[in-house]
Engineer: 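This is the structure I have questions about; it appears just below.
Numbered from 1 within each chain, the chains take letters A, B, ... in sequence-line order.
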Number of protein chains: 2
Amino acid sequence: MHTNEVTIHDIAEILGINSSTVSRALNNSPRVAQKTKDKILKKANELGYQRNDLASNLRKSKTFTLGVIVPRISRHFFSSAIAGIEEAAFKEGYNVIICQSLESLEREQSIINTLVANRVDGVLISISMETENYKHFKGLEQRNIPFVFFDRHCNISKTSKVVIDDFEAAYRATEHLIQQKSTEIAHFSGPQNLEIYKNRFKGYKAALENYKIPFREELVIASSLMEDDGAKNIKKILSLPFQVDGLFCANDVVAIGAIQYLKKIGIKIPEDIAIVGFSNETTSSVIDPALTTIHQSGFKIGQIATNLLLDKISNDDKKQIHETIIVKTNLIERKSSLRIEKHE
Amino acid sequence: MHTNEVTIHDIAEILGINSSTVSRALNNSPRVAQKTKDKILKKANELGYQRNDLASNLRKSKTFTLGVIVPRISRHFFSSAIAGIEEAAFKEGYNVIICQSLESLEREQSIINTLVANRVDGVLISISMETENYKHFKGLEQRNIPFVFFDRHCNISKTSKVVIDDFEAAYRATEHLIQQKSTEIAHFSGPQNLEIYKNRFKGYKAALENYKIPFREELVIASSLMEDDGAKNIKKILSLPFQVDGLFCANDVVAIGAIQYLKKIGIKIPEDIAIVGFSNETTSSVIDPALTTIHQSGFKIGQIATNLLLDKISNDDKKQIHETIIVKTNLIERKSSLRIEKHE
DNA sequence: CGCCAAAATACAATCGATTGTATTTTAATA
DNA sequence: TATTAAAATACAATCGATTGTATTTTGGCG
C-alpha cells in the first residue's frame, strides 16, 4: 500500500499530463498555459495537495530556513530578539528554527549539527555561557553556511556580529551611580569567557578610574547571573569590612535577586545602596523600587542581524565581508538608583 | 562544478565500495563488517561528512521533528511549556520546531501549512486568541498528522488535549477572594472563543453563586488580557456606582497592569481591593504587593503533551484514541489578596 | 495547404540517502 | 579440495520535486 500523500505525480496521472508540467504550474512558471494551470490548480486544491518541502529543498539545495540559537527563550531580551528575527525573516520568505542552548556548550554543538543536517541556509547565534571553544562555528564556516552573532558574540576574527557597545553602556551605568553619589561601587559580572561581560567589566573599571575612585578587586564578583546568585553575591559584599553604596550588575536577573534579598533584610534602595542592572527585563519596571537599567532593543538587534545574514545568503560576495554593527543602548533611570533630586 | 558537500557517494567512491554499504555503516547496521565500518567512519570524519537529513527524511518519510505552535514564547507559561516539550522530545530523539502565532489566526494557519510541507511527525498546539474556525486542524487530521492541544485547546470532539481544570482553578481563586472578605468581585476575562477563558468565567460565576453573592454583568470585562487592558479595565470598574473590593483576573499580565494603575492612583492592595491572577508569571512574585495567582506547571504540561503525542506517533492504534489529561494546579497565596491574619 | 517559429508539454536526470534483493566473498565442514 | 551456509557487499529502485533538453502542438502567414 501507498501512503495517502498526494504528489505531483498523482495529479499528473489523473489529468493525463506530465508531472513536470504540474510542478511548473504550481510554481506559476510562464512555461505553462494558463488553461492548464487552472486545471492543475483546481485539481491540486481538490486533492488537498501540499508540496513536500523535503523533496523540493533537496532538489534545490536551498531550504529558506534560518537556524537561531539562543541561551534561553524565556529571557525577555532573547524573546524580543526572536520576534525581530522572525519579522525580518518572514518578510523575505524565510522560516526560522528556534533552538535553546540552555547555556550548555554541548547542546550548542549538537544543535549546530542538527541545523547543518537540516541544511539551514544560515544561522544566527548568541552563544552560551560555557562556550569557550569555537570548533563548531568553524564547522559552519567550512560548510559555507553563513552565520551572524548577535549580543553574545565571541572573539573570532572572521565573523559578522550585531552587538551593543558594552563598554560604553557599562561606563555610563557606573558613571550614573557615581553621579548619584555612590563611592564604593560593587560589580556583579558574568562568565569571563564572554566578551560582553568582559567589556561590561572594563567599562565599570574605566568609569571608576576616570572619576578617581579606587578599584577594589573584592567588590567584583563573577557568577552565572541567575537570580540565586543575586542573594549569594550581595551577602558576600555585605560581609566586607567597608560600606558599599552602589552596585552595577551585568544583568537584571542578578540585580533583582539582590534587590529582593536587600529588601528582606531591610536595607534601603537607593538610599543605602543604589543599583543599576543591564538588559531591561520585563520584571525590572515592575519591581519596587523599579530597576535602573541599560535598555537594549532585542527586537532591533534581531532584525538587523537577520538582514545582515540574509544579505550574506543571497549575495555570495558578502559572505567574505565581516561587519560589526553596533546598536545603540540607553540608560533608563528608575528609582533603584535615584538618590538626588532632579533639577529642571 | 559541484557543491562542496560530502555525500555517501563521495566516501564510497574514494574507498572503492558501494554507497549502500557506506549508508549502512554510518547507521551502524549489523550487515557491515566491523573492519569496513571503521574504515568508513574514519574517512567520513576526515572529510567532515554530515548526513543530509532532507534526503534521509524524504526517503524514510519520517522527520523525527515535532512542530510546536504557541501564541508567544515570551510568556513565562509558554516558555516553560517549551522547555518541557524539548526535554521530552529530546529524550526520544525528536527535534522541535517552535513557532509563534502571535495571537493571529492567519499566522496559525500559515504555520500549519509550513509544518505540513516540512512533514513534521506531529504537532503540539496552544491556539491563538483569534482562532474561531478549525479547518486547519482538520487538515492535519486528513493528512494523518497526529496533534495534541495543550493549555489553550478548542472544542472539537476528536482530539487529545492536556489541560488544567480551569473551572475548578477559577472557582478556587474566587472562593479565596470571598474568604478574604471580598463581596463585590470583578472579573477580567479573555476572548470568549477560547475554552479556557469561558471556563474560568464559569468557575468565577459558580463560586459567587455558591456563596450567594449576586452576580453582576457589569463587573465582568472581556479583553485581550494585555498589560494595557489592565489599566483600561480597572478604570471602567472604578467608575461604577458601587465599591469593588475584589478582582479575579484570567491572567497575570492584565492583573499586573491593573495593580500598577491602582498603585499610581493610591488605591491600596489588598486593603481596598484584593487581587488574584492566573498563570504565575515571573513578574508576579516580584511585583509589590506580590500577586496571588494560580500556578500551572507549564513544564509538566509540555512534557505530558509531548509524551502523549509521541505515543500517537509511534503507535498507530493510539492515533484514534482521544484523551484529555488534566494537570493539577495550585493557588499561590501572596500579599495581593491576603487581608486576614492567618491562624496557626 | 504547407511551413515555421513560438508556445506548450513531455522526457529523463538529478538531489542524497535508504533498503529489498542479488551477488560475491569468506570460512567452516565433510 | 569441494561444498555450502553465512557473512559481506553490490545493485538498483525509490522517496517527491525540479529543471535542462527534447518533442509535440499551435496558430499565423505566405
Engineer: With a 4.0 Å limit, can you tell me whether Asn18(A) has a side-chain N or O closer than that to the phosphate oxygens OP1/OP2 of dC11(C)?
Structural biologist: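 Checking Asn18(A) against dC11(C): at least one side-chain N or O falls below 4.0 Å of OP1 or OP2.
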Engineer: Rounded to whole angstroms, how far apart are CD on Glu13(A) and P on dA17(D)?
Structural biologist: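 Checked: the CD to P distance equals 14 Å.
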Engineer: Just to be sure I understand the rule, does Ile17(B) reach a base, reach only the sugar-phosphate, or reach nothing, if contact means heavy atoms closer than 4.0 Å?
Structural biologist: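 Counting heavy atoms under 4.0 Å across all strands, the contact made by Ile17(B) is with sugar-phosphate only.
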Engineer: Once you apply a heavy-atom cut-off of 4.0 Å, does Val32(A) come out as touching a base, just sugar-phosphate, or nothing?
Structural biologist: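 If one applies the 4.0 Å heavy-atom cut-off, Val32(A) turns out to touch the sugar-phosphate alone, with no base involved.
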Engineer: Atom NZ of Lys37(B) and atom P of dT9(D): how far apart are they, to the nearest Å?
Structural biologist: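 It is 10 Å, rounded to the nearest whole Å.
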Engineer: Counting distance alone, no hydrogens or angles: does the base of dT21(C) have a donor or acceptor under 3.5 Å from a partner atom on the side chain of Arg31(B)?
Structural biologist: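 Flag set: donor-acceptor pair detected.
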Engineer: Has the side chain of Arg59(A) got a donor or acceptor atom sitting under 3.5 Å from an opposite partner on the base of dG20(D)?
Structural biologist: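 Checked by distance alone, the answer is no.
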Engineer: Check the distance between dA7(D)'s C1' and Lys35(B)'s NZ and give it to me in whole angstrom.
Structural biologist: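 Whole-Å distance recorded here is 13 Å.
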Engineer: Just how far, in rounded Å, is C1' of dT18(C) from CG of Asn28(B)?
Structural biologist: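 Rounding to the nearest Å, CG of Asn28(B) and C1' of dT18(C) are 16 Å apart.
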Engineer: Regarding Ser23(A), tell me which of base, sugar-phosphate or nothing describes its non-hydrogen contacts under 4.0 Å with the strands shown.
Structural biologist: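 Counting heavy atoms under 4.0 Å across all strands, the contact made by Ser23(A) includes a base.
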Engineer: Between dT18(D), dA17(C), dA10(C), which nucleotide has the shortest distance from any of its atoms to the side chain of Thr7(B)?
Structural biologist: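 The answer is dA17(C), which lies nearest to the side chain.
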Engineer: Let's test your reading of the model: under 3.5 Å, does the base of dC15(D) pair with the side chain of Ser61(B) as donor and acceptor?
Structural biologist: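 Per atom types, no contact qualifies.
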Engineer: Would Arg107(B) and Glu86(A) pass as an ion pair if we require N to O under 4.0 Å?
Structural biologist: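 Salt bridge between Arg107(B) and Glu86(A), a charged N being under 4.0 Å from a carboxylate O: yes.
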Engineer: Separation of Asn52(A) atom CG from dT14(C) atom C1', in whole Å?
Structural biologist: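 Checked: the CG to C1' distance equals 16 Å.
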Engineer: By nearest heavy atom, map Leu54(A) and Lys39(B) onto DNA chain D; which one lands nearer the 5' end?
Structural biologist: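 Checking each residue's closest nucleotide, the 5'-ward one belongs to Lys39(B).
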Engineer: How long is the line joining CZ of Arg51(A) and C1' of dT19(D), in whole Å?
Structural biologist: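 After rounding, the reported distance stands at 15 Å.
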Engineer: Expressed as a whole number of angstroms, how long is the span from Ile8(B):CD1 to dC11(D):P?
Structural biologist: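 It is 14 Å, rounded to the nearest whole Å.
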Engineer: Under 3.5 Å, side chain of Ser23(B) to main-chain N/O of Ser19(B), donor-acceptor pair present?
Structural biologist: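 Checking the backbone N and O of Ser19(B) against the side chain of Ser23(B), no donor-acceptor pair under 3.5 Å is found.
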Engineer: Any side-chain N or O of Ser56(B) less than 4.0 Å from the OP1 or OP2 oxygen of dG16(C)?
Structural biologist: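 So the side chain of Ser56(B) is outside the cut-off, no N or O lying under 4.0 Å from OP1 or OP2 of dG16(C).
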Engineer: Evaluate the ring planes of Phe149(A) and Phe147(A), with Trp represented by its six-membered ring, and classify them as parallel (under 30°), tilted (30 to 60°) or perpendicular (over 60°).
Structural biologist: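 It falls in the perpendicular class, over 60°.
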Engineer: State which of dT9(C), dT18(D), dG16(D) makes the closest approach to the side chain of Thr36(A).
Structural biologist: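 Nearest to the side-chain atoms of Thr36(A), counting from C-beta on, is dT9(C).
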Engineer: On DNA chain C, does the nearest nucleotide to Arg24(B) precede the nearest nucleotide to Asp53(B) from the 5' side, or the other way round? Give the residue.
Structural biologist: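 Its nearest nucleotide being more 5', the pick is Asp53(B).
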Engineer: For dA17(C) and Asn27(B) - does any side-chain N or O of the residue sit under 4.0 Å from the phosphate oxygens OP1/OP2?
Structural biologist: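 No, outside the criterion.
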Engineer: Are Asn18(B) and Ser20(B) linked by a side-chain donor-acceptor pair shorter than 3.5 Å?
Structural biologist: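 A donor-acceptor contact under 3.5 Å links the two side chains.
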Engineer: On the nucleotide dA10(C), are OP1 or OP2 found under 4.0 Å from the side-chain N or O atoms that Ser20(A) carries?
Structural biologist: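 For dA10(C), OP1/OP2 do not have a side-chain N/O of Ser20(A) under 4.0 Å.
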Engineer: Does Lys319(A) pair with Asp316(A) as a salt bridge, N-O distance under 4.0 Å?
Structural biologist: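 So Lys319(A) pairs with Asp316(A) through a salt bridge.
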Engineer: Out of dT19(C), dG16(D), dA17(C), which has the shortest distance to the side chain of Leu58(B)?
Structural biologist: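 Of the candidates, dG16(D) comes closest.
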Engineer: Under 4.0 Å, counting only non-hydrogen atoms across every strand here, what does Asn57(B) touch: a base, just sugar-phosphate, or nothing?
Structural biologist: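 Nothing, no heavy atom under 4.0 Å.
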Engineer: Atom CD of Gln34(B) to atom C1' of dA7(D): distance rounded to whole Å?
Structural biologist: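 After rounding, the reported distance stands at 14 Å.
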Engineer: Report yes or no: does Arg72(A) contribute a side-chain atom to a donor-acceptor pair with the main-chain N or O of Ser79(B) at less than 3.5 Å?
Structural biologist: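 No, the answer is negative, given that no donor and acceptor are paired below the 3.5 Å cut-off.
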